[in-house]
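Following: one structure in structure tokens, then a few remarks.
Bear in mind that the values here come from a model prediction, so they are computed numbers and not experimental data. We use all heavy atoms of the structure for the numbers below, so side chains are in, but hydrogens, waters and symmetry mates are not.
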Amino acid sequence: MRVVEFIWVLVHVATIWMLAVVTPGANVLLTISTALNHDRLLASYSALGVCAATSLWALFGSSSLVIAFTLFPQLYVVMKVLGGSYLIYLGLKQLYKAKSHLNLSNLKQTTQTAVPSKIKIFLTAFITSILNPKTGFFVVSLFSVSLAADQPQGLNLAMIVAVIATMSTITLCWHLVLAFTFSRSSAKAVYQRVSKVVDYVTGGIFTILGVKVIAS
């Protein structure tokens, strides 16, 4: 019976997390933007950055470290300000890019200086994801569903490992799908025609999300 409950809870967690991951947000926009502006490989590093941050949040959630936000509200405020400010920075950077007409047509002429490193892409995605305390609370809520007080310690440990692996795998797979889809030549061709509008919209959404995180 324990095994059946284990599998059922894991399916429940996976379903909730899939819905959360596919919901458009800063992470999704960042991976799509990277794929459109650069190539599949760099977009894959963005996917890895988001996945790494998700794994770390899941580890925090399993250890109840995120509960520190409740015990120390000032810490939560600091995280909100840092996370929101970083999103605003990304938004303003995207808006500046749109204003400067920096799109695929002239990226080809400035490849040597404009293409960021793999590490930079990874860190940008990682920081964007990790500086979002709401993600932490969502992860904690998933662990509160998956871990039961009356379960043996060994089974709880197995559940923690399974949940972290499930969340990380789902996150990585979805962002790799985005990276592969939007790095295709057909997607880039469409983006090249409407790049300025897309950059303005993306920059605006990043900025609004940042303000919303700080004000929430």
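- Contact annotation: the side chain of Val50 never approaches that of Leu30 to less than 4.5 Å [non-hydrogen atoms, C-beta and beyond].
- Here the CG atom belonging to Leu56 is positioned 6.5 Å from the CG atom belonging to Leu59, to the nearest 0.5 angstrom.
- Between Ser129 and Asn27, the closest heavy-atom pair is OG-OD1, 2.9 Å.
- Both Val211 and Leu92 are members of a single hydrophobic cluster when ILVMFWY side chains are connected at heavy-atom separations under 4.5 Å.
- When every heavy atom of Val22 is checked against every heavy atom of Trp174, the shortest pair comes out as CA-NE1, 3.6 Å.
- For the residue pair Lys188 and Ser183, the shortest heavy atom distance occurs at CE-O, 3.4 Å.
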Under the side-chain contact (heavy atoms from CB on, under 4.5 Å) rule, what do Thr124 and Thr34 come out as? Steps first, then yes or no, please. CA-CA 11 Å; Thr124 299; Thr34 303; over 6 Å; no
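- For the residue pair Pro116 and Ile121, the shortest heavy atom distance occurs at CG-CD1, 3.5 Å.
- Note that CH2 of Trp8 is 8.0 Å distant from NE2 of His12, once rounded to the nearest 0.5 Å.
- A continuous path of hydrophobic side-chain contacts links Leu41 to Phe122 [ILVMFWY only; heavy atoms under 4.5 Å].
- The NZ atom of Lys118 sits 14.0 Å away from the CG atom of Leu123 when rounded to the nearest 0.5 Å.
- Contact record, Leu36 with Phe182: CD2-O, 3.4 Å, taken as the closest heavy-atom pair.
- Listed by first then second residue, pairs satisfying side-chain hydrogen bond (donor to acceptor under 3.5 Å, both in side chains) with a partner in residues 164-173 read Trp17-Thr171, Ser55-Ser168, not counting sequence neighbours.
- Annotation: side-chain hydrogen bond (donor to acceptor under 3.5 Å, both in side chains) contacts of Ser46 (sequence neighbours excluded): Thr31.
- Closest non-hydrogen pair, Ile88 versus Thr207, comes out as CG1-O, 3.8 Å.
- Ile170 is not connected to Leu19 by any chain of hydrophobic side-chain contacts under 4.5 Å among Ile, Leu, Val, Met, Phe, Trp and Tyr, and they are in different clusters.
- The CZ atom of Phe126 sits 8.5 Å away from the CG atom of Leu131 when rounded to the nearest 0.5 Å.
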Are Ser44 and Phe180 close enough, and set up right, to give a side-chain contact (heavy atoms from CB on, under 4.5 Å), and what steps lead you there? CA-CA 8 Å; Ser44 298; Phe180 276 66; 4.2 Å; yes
